[in-house]
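Some notes on the structure that comes next.
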Amino acid sequence: MELLLAVVAGVLYATGIYLMLRRRLAQLIIGLALLSNGSNILILSAAGVTRGKPPLIVDPSLPVPDFADPVPQSLILTAIVIGFGVLAFALVLARRVYESAGSDDIDMLGPDAA
Amino acid sequence: MLALPILIPLATAIALHLLPQNSRLLRTVAFAGAVIILAAAVSVLVTVERDGIQVLQVGSWHAPFGITLVADLFSALMIVMVGIIGVAVTGASFAGVDPRRETFGYHTLIHVLLMGVSGAFLTGDIFNLYVWFEVMLIASFVLMSLHRTRAQLHAAFTYVGLNLLASAFFLTAIGLLYGQAGTLNLADLAQVWPTRRTPGLDAALSMLFLTAFGIKSGLFPLFFWLPASYHTPPAAIGALFAGLLTKVGVYSMIRVFTLLFPDPAAGLYTALLVMSALTMIVGLAGALAQYDLRRVLSFNLVGHIGYTTVGVALWTRAALGGSILYLLHHMLTISALFLVSGLFLRQRRTTDMRMLGGLYRAQPLVACLALVPLFSLAGVPPLSGFIAKLAVIAPLLGAGQYPVAAIALVVSLLTLLSMARVWEECFWKPAPSAAAGSQPRLGAAILAPIAFLVMLSVGLAALAGPVSGMTMNAAQQLLSRDGYIRAVLGSEVARAAR
């Protein structure tokens with residue numbers, strides 16, 4: 001499972017970076033989204049995936065059982081919320097850019113562009 | 001107590017959002033909020049100076065399980081700077097803000113940004129640091145893109161894209177770090193990491209952190225977003241960004257590197273030294289090629305970040321203390337200069353230096369006020385820049401880094417050249433005939449924030465002895481690490497050391 005997640009994270013990073021290197025704003029934004037999803041999966045798999053275990057230790061007197069670490073999931077939850085907000089902002093910004101420049105080609109936006 | 005520098009801007013931002021949208025009222029409340037932040041920050045600094053490192057376990061969750069706020073001397077000094085820049089920037093709004101910006105929450109966003117920066121300076125938890133980064137970034141994104149001209153939107157997009165990339169790198173590094181170390185508390189990490197690290201992961205993590213913080217602080221191969229975007233927002237916002245945002249990158253670099261990678265021989269520090277030297281050269285070379293005053297200042301901002309990171313690379317008490325002193329000096333000076341560029345925006349509606357001139361003839365006292373930060377940035381004695389540069393370059397010579405010291409000295413000369421050019425073009429030469437005639441005189445409202453920063457910068461030079469003593473102590477705390485770890489973890493240290 002970890003191997004599969006690692007591959008997925010790697011593919012997401014690669015496609016994210018590739019899209020960010022393109023010239024169109026829409027691709028840049030999709031790239032950012034993929035990149036943030038890639039880092040979320042990376043956090044999940046780096047911290048180790050446990051199957052069917054509770055995240056809580058109910059009886060502390062017993063020897064510590066195998067348990068699922070809840071921290072990575074809370075980190076991911078936070079990162080998803082932040083990523084969602086930022087992405088929404090980037091979309092609005094891209095729309096405004098498109099409205100003012102009439103193009104979503106980054107090279108057509110600069111001060112030097114016609 | 002320790003949470004006040006975060007809670008005050010939060011409360012002010014909420015109040016500003018709910019108050020009737022009367023610009024006089026909003027400006028006053030925003031300014032008052034900033035003054036209270038400054039007061040709270042100074043009291044934190046005094047407490048830290050007297051009683052040592054202050055710690056707040058938020059919600060009484062013990063470290064390393066909860067989120068910890070920590071103020072050592074370095075954090076406390078930075079928080080005071082947040083207050084000072086906040087006062088100057090909110091004070092500058094009395095001279096007038098674009099009404100459209102004001103109705104779109106200009107003042108609220110400034111306070112949200114101050115909250116994010118304060119949080120980043122105070123937190124003792126690496127994931128929390130990431131969250132504060134995002135708070136700060138989203139506020140700065142909106143502040144930067146409130147305008148809809150094409151150049152500004154383009155600049156905003158560059159800024160947003162690259163900063164989000166830096167955040168993704170930072171988050172990746174945090175994920176890998178947690179996977180290996182199982183903790184996010186910085187003090188706990190400092191203890192656990194040496195026992196869990198593997199050479200490969202260590203190298204990957206240090207490079208991820210270097211890239212993430214390098215983008216945020218504007219180091220050499222990663223700075224291009226900065227001069228491409230900092231020249232478009234209004235001068236007060238430029239001053240806020242220049243004074244605080246890049247410095248948060250440098251702060252995080254110092255904080256995370258001293259705690260996680262305490263091995264001065266690591267390749268990380270060689271890389272950082274080379275990057276710092278190149279940052280200085282490229283920044284100033286860029287500044288000399290520009291004709292727009294705000295672009296000149298942006299490139300100078302980049303170039304001088306190099307001075308603040310050199311000390312981190314050397315990893316000695318004197319060098320790190322010099323870096324911190326340079327940070328203080330640079331925050332005051334570059335913010336003052338961005339506010340100075342606002343004078344020209346007010347008077348001539350442009351900062352293109354070819355269109356400026358004649359301010360010395362028109363208002364000699366104003367020109368003299370602007371002269372202080374100009375020459376302070378260049379390092380002319382006896383201003384604060386001279387003392388800060390001395391504190392950075394002397395340890396370089398002491399460590400035998402002669403090429404880097406030579407670069408720092410040459411770049412200092414280049415800064416003088418760049419600043420002399422600004423003086424000549426903007427103040428000294430006669431006004432171009434096109435601009436002659438209708439020139440509003442610059443009143444006290446627009447000059448007061450500049451005078452405030454200039455006064456503090458001169459004060460920094462006058463009190464160089466005590467201040468550099470304090471920055472040396474701050475560097476000592478950063479390098480010895482034990483005090484920080486013990487203050488955060490307390491009795492938990494024994495448990496963790498098992």
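Reckoned from all heavy atoms, side chains included, excluding hydrogens, waters and symmetry mates. By convention in this document, chain letters (A, B, ...) are assigned in the order of the sequence lines, proteins followed by strands, and residues within each chain are numbered from 1.
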Item to check | Over 12 non-hydrogen atoms of neighbours within 6.0 angstrom of CZ in A:Arg24 | outcome: no
Checklist entry - Does the side chain to side chain contact (heavy atoms under 4.5 Å, CB included) test come out yes or no for B:Val142 and A:Phe89, once each step is laid out? => result CA-CA 8 Å; B:Val142 183; A:Phe89 175 78; 3.7 Å; yes
Checklist entry - Is it the backbone or the side chain of A:Ala9 that comes under 4.5 Å from a heavy atom of chain B, or both, or neither? => result neither
Checklist outcome for this item: Under 4.5 Å to a heavy atom of chain A? For B:Val135 that would be neither
Checklist entry - So, do A:Ile43 and B:Tyr178 sit near enough that their side-chain heavy atoms are less than 4.5 Å apart? => result no
Checklist outcome for this item: Those residues of residues 159-176 of chain B that come under 4.5 Å of chain A on a heavy-atom basis, listed by number, are B:Val160, B:Gly161, B:Leu164, B:Leu165, B:Ala168, B:Leu171, B:Thr172, B:Gly175, B:Leu176
Item to check | Atom group of A:Leu28 that falls short of 4.5 Å from chain B, counting heavy atoms | outcome: side chain
Next on the checklist: Under a 4.5 Å cutoff for heavy-atom pairs, which residue among A:Leu42, A:Asp69, A:Leu75 has the most contacts with chain B?
Outcome noted: A:Leu75
Checklist entry - In terms of heavy-atom proximity below 4.5 Å to chain B, should A:Leu44 be classed as side chain, backbone, both, or neither? => result neither
Checklist entry - Tell me, side chain or backbone of A:Ile29 under 4.5 Å from chain B's heavy atoms, or both, or neither? => result side chain
Checklist entry - Do B:Tyr130 and A:Thr78 have side chains that get closer than 4.5 Å, going by heavy atoms? => result no
Next on the checklist: I'd like to check the salt bridge (Lys or Arg N to Asp or Glu O under 4.0 Å) partners of B:Arg255; sequence neighbours left out, ordered by chain and number.
Outcome noted: B:Asp72
